[in-house]
Colleague: 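The structure that follows is given in the form of structure tokens.
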Amino acid sequence: MLILECPYCGVKGEETEFHGGGEAHLKRFGPGSDDDQFHDYLFSRVNPKGVHLERWRHVNGCGKWFHAARDTMTLEVFGTYSAQVFEPPQDIKDKISAKRPGWQWREFS
Amino acid sequence: MSTRLATGGRLLDKTKAVEFQFNGKRLKGYAGDTLASALLANDQMMVGRSFKYHRPRGVVASGAEEPNALFNMGQGAKFEPNQRATTTELFSGLYATSQNHWPTLEFDIGAINTLLARFLPAGFYYKMFMYPRTFWKHVYEPFVRQSAGLGKAPDAETKDADTYEHFYFFADVTVIGGGVAGLQAAKVAAKSGQKVLLIEQTSAWGGRAAVDGGEVDGQPVADWIDATIAELDAMENVTLRLRTMASGVYDHGYVLGYERVTDHQPDVTGPRHRLWRIRAGHIVTATGAIERPLSFAGNDVPGVLLAAAVRDYAVNWGVSIGDRTVVVTNNDNAYRTAITLKELGLEVPAIIDARAEGGGALADKARDMGIRVENGKAVVKVKGTKRVEGVAIGLQAGEGAVLETIKCEAVAMSGGWSPVVHLWSHCGGKLIWDEAEAHFRPDPDRAPKGDAGQAFVTCAGSASGAMGLGDVLADATSAGAKATGKRKPKAPAGDARDEAPMAPVWMMPQGAGAKLKMKMWLDPQNDVKVSDVQLAAREGYESVEHTKRYTTLGMATDQGKLSNINGLAILSDALNQPIPQTGTTTFRPPYTPISMGAIAGEARVATFQPIRRTPMQDWHEGQNPFFEPVGHWRRAYCYNRPGETHGQAVEREINQTRNSLGLLDASTLGKLIVKGPDAGKFLDMLYTNMMSTLIPGKCRYGLMCTENGFLSDDGVVARIDEDTFLCHTTTGGAERIHAHMEEWLQTEWWDWKVYVANVTEQFAQVAVVGPNARKLLEKLGGMDVSKEALGFMEWADGQIGGFDARVYRISFSGELSYEIAVPASQGAAFWNALMEAGEEFGVMPYGTEALHVMRAEKGFIMIGDETDGTVIPQDLGLNWAISKKKEDYLGKRAQERSHMADPNRWKLVGLETVDGSVLPDGAYAVADGKNENGQRNVQGRVTSTYYSPTLKKGIAMGLVHRGPDRMGEVIEFPTIGGANVKARIVDPVFYDKEGEKQNV
């Protein structure tokens, strides 16, 4: 059972306080997009053995969505950050790069 | 025969005799006994029958690893199957029966299977029960059901009479295992001042060392154990718990502990089991090691035990398994058993040592005591069926020629020791193969990782592969220091290990032929033999995980604690590859089975799930209606009057509502306030309709879809003011839709200025329905509710009968209807006022079933009936509620996909049976031809079906292939009974299609 820190309310909580929401930083494709774009947006998700950027909601707490950078294999949490950004903050990217050499933003599968 | 010795019994209190019952016999034991030791003291060598061949089985081990001694325990509401006798403490009145035999343990018909063993090899069930296919249901399945399983399931009609609880605990360091290693590690950790929890699964501290002896810092190890416990007990930062097993280690230092609080003292009040939910900064597993059996023919005969278990029974409980015990080993440790027995005055006719070079110092000591030691020898087979009568001896290097037969009553075997690595492995700790000890042990460089990437589990003592007392103490001292991150203190001095190297022996004798191999048990609980694993390998099973499932090796309730290493050694040999290449199967929690009650804890009956109550719930309960669960609410299905059936009550409620006046408690409907400058823009994205154009004071019915296009919820939206909307959701949908709104606001349109608040429980809401609805409100007095002041699909704030009310002119029944929201605190009084004033109109409350029937008569859809997550609004003929002007809304792009626009989709229609009967719910309409499985093709299904009291016949809605294009066509619905019901496709609106009744 993971321990995560909600970046909004600062609570370091048990996994049961949170609810996972899958891959983070998806770009929405609506009307006007072609079938492949829409298909990938709706259904294609990375499933990496290693670094994963994912959405979580502090559902039994402050109710806010946030993002977590996590290793799906070792369960190490590199950090949690606002859900209202288009990519992970630089300090978290640096931390992941230091711990997982060769890792690159958007090439983490 | 096994018996109680006059002396010995470290754990017994011989002043306290304890009576218990086994298979109807009254037997005697002592306080401190386990059920296993007490049975052995009463010469109950045979304790059960094996799973597949029904062979006689006896106790093999003395702890959690025991595969055979499983019993039905207790009676009635306290009955529980498959309880392990070796971990069951004896108490007065204990009631146990043996399992898996018929009619009796001594004479079991199923034992005929042992004669059929040649025809019941690995994979027998998979091979046998495949064909012919039709045999499965009536021949094979009843047979398998009757013969499968160990204990009986508890009677489904009884309820567990015991209570259970959960307990949360936080510790800097959690030490698992109360042997010498655990005590030392806990002591080192505790001295750093950190909060320490030490748990031990048995009822006594000290583990193996307490039995095997030795010296620590010059004092007997038993004294050191007592002193250490006293020291730990006196420290405020230390919590000690016996009878608490660590069931599993999970992510980021989470541990589940299973405390058996009153199993051994059922007269004491309190929970039976307590589930410890522990969050630990660091975990030290000092879980010891388990001795391995040897694979020789007849190693499952009652009286063949692990060597250390023989020692445990003698030292801990003063029980002798037999007068003459032959020890068979591949290591020095088992010599301790021979020496112990000899010291107790028992006979050891021979020690059979498979090693050609023999043993070290302990072997010398045994010889000095006059025990015959045979090096390079093997047990070829065990004589006897229901108990050991002797052993046939041959050469370990040979094929099984018998050199000599030795008479004995017991065999003490030892194939070496395997560290208990389960807890280390649960969360990803890796293992290395230790050639010298022929076992897997934890690889300290590949520990389970915590949230910051740090190792959070450390093994201590023999659990990490340290095998002598001195090494164990040194290793545990390091582990304790590592757990706290503090400097390592000096370790206490313990006896150095003085043993000759062990030699791996996976089969005895090494060249045994097929006949012997068919009697060499690897997994006695699941009846898996050496020959089964070899067969699996020959049939192409290479992965150890596949072999496990094919042969069922290690799949029994003991999860292969004794059998796994021996099994994978045999598999490796058959595959001609080194053991580490074969690897182990995955270790998963729980370490030993835990009770379902402990998992449930207090969450049973009323505390299982909170029930949501409307402000009028007390009134409803006073009517004693028939309640149905709707989400976490309990809503009245109908309000039965004395002598009425549900159907009659529903009919009365509908007739009264349609003809005069009915009241519905609609408080459970979700109410979400959406507020802010961008609220209109936001709702335009959420709903398929255009909501931003709604005028304050007006209401609009809206549909919500998922991004995948499927209909998710519906309800009426009221615009309160320029910035504020009130969105009604379905009863079950309020929290889900609230979360859906928050998700999009927080993660996609986070720059939009909108707030959402769920005010569902802030308001009581009553639907006042029927031709006399307006008269009732006018009688109560207050705001103008005339058609002119408050038209259909409008709302207004005001007062009704002195209550602060917000009145919506909306209708889900097709009648003149006002849905009136008042503050929740005024709900009950408001309801009472309506009931009182409505008396002259014959007012009646109506329930959810009347609500459903009336909406179906009107052709209104119901989320969850007409929708099932695969239905789009267009399927339901709701195109009128989908804005053509909007560029985008959630689901719009998805609904443009070719399959969604396909004219061949099943679409909503009304269905009217030709004979006026009511269609069965969920029935399918058949089409011509059959599908590839030989089943009739289908062309539609019933989604809602009722008897309509208004129309006096059955009405239904359904989704039918191209339905709206086929009006008037008659289709057939086969029923479960075999009859076909014919129904005509009609318009789904059965009642007042023009809406004249609601708009008055």
Side-chain angles (χ1 to χ4, degrees), chain A residues 1-5 8 12-16 19 21-39 41-43 54-60 62-80 82-86 95-96 98-100, chain B residues 168 170 248-256 277-281 427-430 446-456 685 706-709 735 738-752 756-758 886-900:
Chain A
M1 193 156 76
L2 303 176
I3 294 176
L4 293 171
E5 185 172 329
Y8 287 94
K12 205 169 183 183
E14 303 270 335
E15 190 176 331
T16 46
H19 194 274
E23 186 184 347
H25 304 299
L26 297 177
K27 178 175 164 29
R28 180 169 185 262
F29 284 89
S33 57
D34 65 37
D35 278 354
D36 286 345
Q37 285 173 322
F38 185 68
H39 170 274
Y41 152 61
L42 206 55
F43 300 115
E54 53 198 20
R55 311 185 321 138
W56 286 85
R57 188 180 182 210
H58 196 183
V59 65
N60 293 316
C62 67
K64 293 292 188 187
W65 282 91
F66 62 91
H67 290 165
R70 205 168 66 84
D71 188 312
T72 58
M73 192 170 68
T74 67
L75 307 184
E76 179 170 357
V77 180
F78 303 111
T80 54
S82 167
Q84 289 148 18
V85 292
F86 293 101
K95 193 171 169 186
I96 300 171
K99 293 202 167 194
R100 302 288 183 272
Chain B
Y168 293 82
F170 298 85
V249 168
Y250 304 84
D251 310 344
H252 295 181
Y254 188 68
V255 181
L256 274 190
R277 307 180 66 164
I278 304 159
R279 187 61 85 166
C427 208
K430 297 288 184 282
R446 292 183 294 163
K449 295 285 171 61
D451 61 336
Q454 82 286 16
F456 74 88
M685 286 304 295
T706 62
E707 186 71 316
N708 206 354
E735 284 65 39
H738 183 207
H740 175 65
M741 290 179 171
E742 283 290 342
E743 180 176 354
W744 284 97
L745 276 177
Q746 290 183 36
T747 68
E748 187 66 27
W749 304 305
W750 61 72
D751 52 337
W752 294 11
V756 179
N758 183 352
K886 290 197 296 190
E887 279 181 19
D888 194 4
Y889 60 82
L890 293 181
K892 182 176 171 76
R893 175 63 185 86
Q895 288 160 4
E896 291 168 356
R897 288 176 293 180
S898 56
H899 179 61
M900 299 297 184

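Here is how names work: the chains are called A, B, and so on, in the same order as the sequence lines, proteins then strands, and each is numbered from 1.
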Colleague: Can you say whether K12(A) sits under 4.5 Å from chain B via the side chain, the backbone, both, or neither, judging by heavy atoms?
Modeller: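 Side chain of K12(A) only, per the 4.5 Å heavy-atom cut-off to chain B.
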Colleague: Under 4.0 Å between a Lys/Arg side-chain N and an Asp/Glu carboxylate O for E14(A) and R279(B)?
Modeller: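 Here E14(A) pairs with R279(B) in a salt bridge, since their nearest N and O are under 4.0 Å apart.
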Colleague: Is there a side-chain contact between F43(A) and N708(B) (heavy atoms, below 4.5 Å)?
Modeller: yes
Colleague: Within the distance-only criterion (no hydrogens, no angle test), does the side chain of H252(B) pair as donor or acceptor with the backbone N or O of M1(A) below 3.5 angstrom?
Modeller: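 No; zero donor-acceptor contacts below 3.5 Å.
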Colleague: Go through it in stages, so that I can follow the logic: the residues are F86(A) and W750(B), the test is ring-ring contact (aromatic ring centres under 6.0 Å, His included), and I'd like the CA-CA distance, side-chain angles, deciding distance and then a yes or no.
Modeller: CA-CA 12 Å; F86(A) 293 101; W750(B) 61 72; 5.3 Å; yes
Colleague: Might you confirm whether atom NZ of K430(B) has over 12 heavy atoms from other residues, nucleotides or ligands at distances under 6.0 Å?
Modeller: no
Colleague: Tell me, for S33(A) versus chain B, whether the close heavy atoms (under 4.5 Å) come from the side chain, the backbone, both or neither.
Modeller: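 Interface part for S33(A): both.
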Colleague: Is it the side chain or the backbone of Y250(B) that comes within 4.5 Å of chain A heavy atoms, both, or neither?
Modeller: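 Contact with chain A: backbone and side chain both.
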Colleague: Any side-chain heavy atom of E742(B) sitting closer than 4.5 Å to one from R57(A)?
Modeller: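 The answer is yes, as the side chains (C-beta and beyond) meet within the 4.5 Å cut-off.
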Colleague: Should R893(B) and D34(A) count as an ion pair when the cut-off is N to O under 4.0 Å?
Modeller: no
Colleague: Please rank H39(A), M73(A), K64(A) by heavy-atom pairs under 4.5 Å with chain B and give me the top one.
Modeller: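 It is K64(A).
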Colleague: How many angstroms lie between atom CH2 of W65(A) and atom CH2 of W744(B), to the nearest 0.5 angstrom?
Modeller: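 CH2 of W744(B) is found 10.5 Å from CH2 of W65(A).
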Colleague: Below 4.5 Å, heavy atoms only, C-beta onward: do R28(A) and T747(B) meet side chain to side chain?
Modeller: no
Colleague: Pick one of side chain, backbone, both or neither for K99(A), based on which atoms fall under 4.5 Å of a heavy atom in chain B.
Modeller: side chain
Colleague: Answer with side chain, backbone, both or neither: which region of Q746(B) has an atom nearer than 4.5 Å to a non-hydrogen atom of chain A?
Modeller: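 Q746(B) touches chain A through backbone and side-chain heavy atoms alike.
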Colleague: What part of L42(A) lies closer than 4.5 angstrom to a heavy atom of chain B: side chain, backbone, both or neither?
Modeller: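 Side chain only.
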Colleague: Please round to the nearest 0.5 Å and tell me the distance separating atom CG of D451(B) and atom CZ of R70(A).
Modeller: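 With rounding to 0.5 Å, CG (D451(B)) is 11.5 Å from CZ (R70(A)).
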Colleague: For the pair E743(B) and R55(A), find out whether any cationic side-chain nitrogen is under 4.0 Å from an anionic carboxylate oxygen.
Modeller: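 Salt bridge flag = yes for R55(A) with E743(B).
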Colleague: Going by distance alone, is a donor N or O of one side chain under 3.5 Å from an acceptor N or O of the other, for Y41(A) and E707(B)?
Modeller: yes
Colleague: Look up atom CG in L2(A) and atom OH in Y254(B), then write down how far apart they are to the nearest 0.5 Å.
Modeller: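 Interatomic distance, L2(A) CG to Y254(B) OH, rounded to 0.5 Å: 12.5 Å.
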Colleague: Answer with side chain, backbone, both or neither: which region of V59(A) has an atom nearer than 4.5 Å to a non-hydrogen atom of chain B?
Modeller: neither
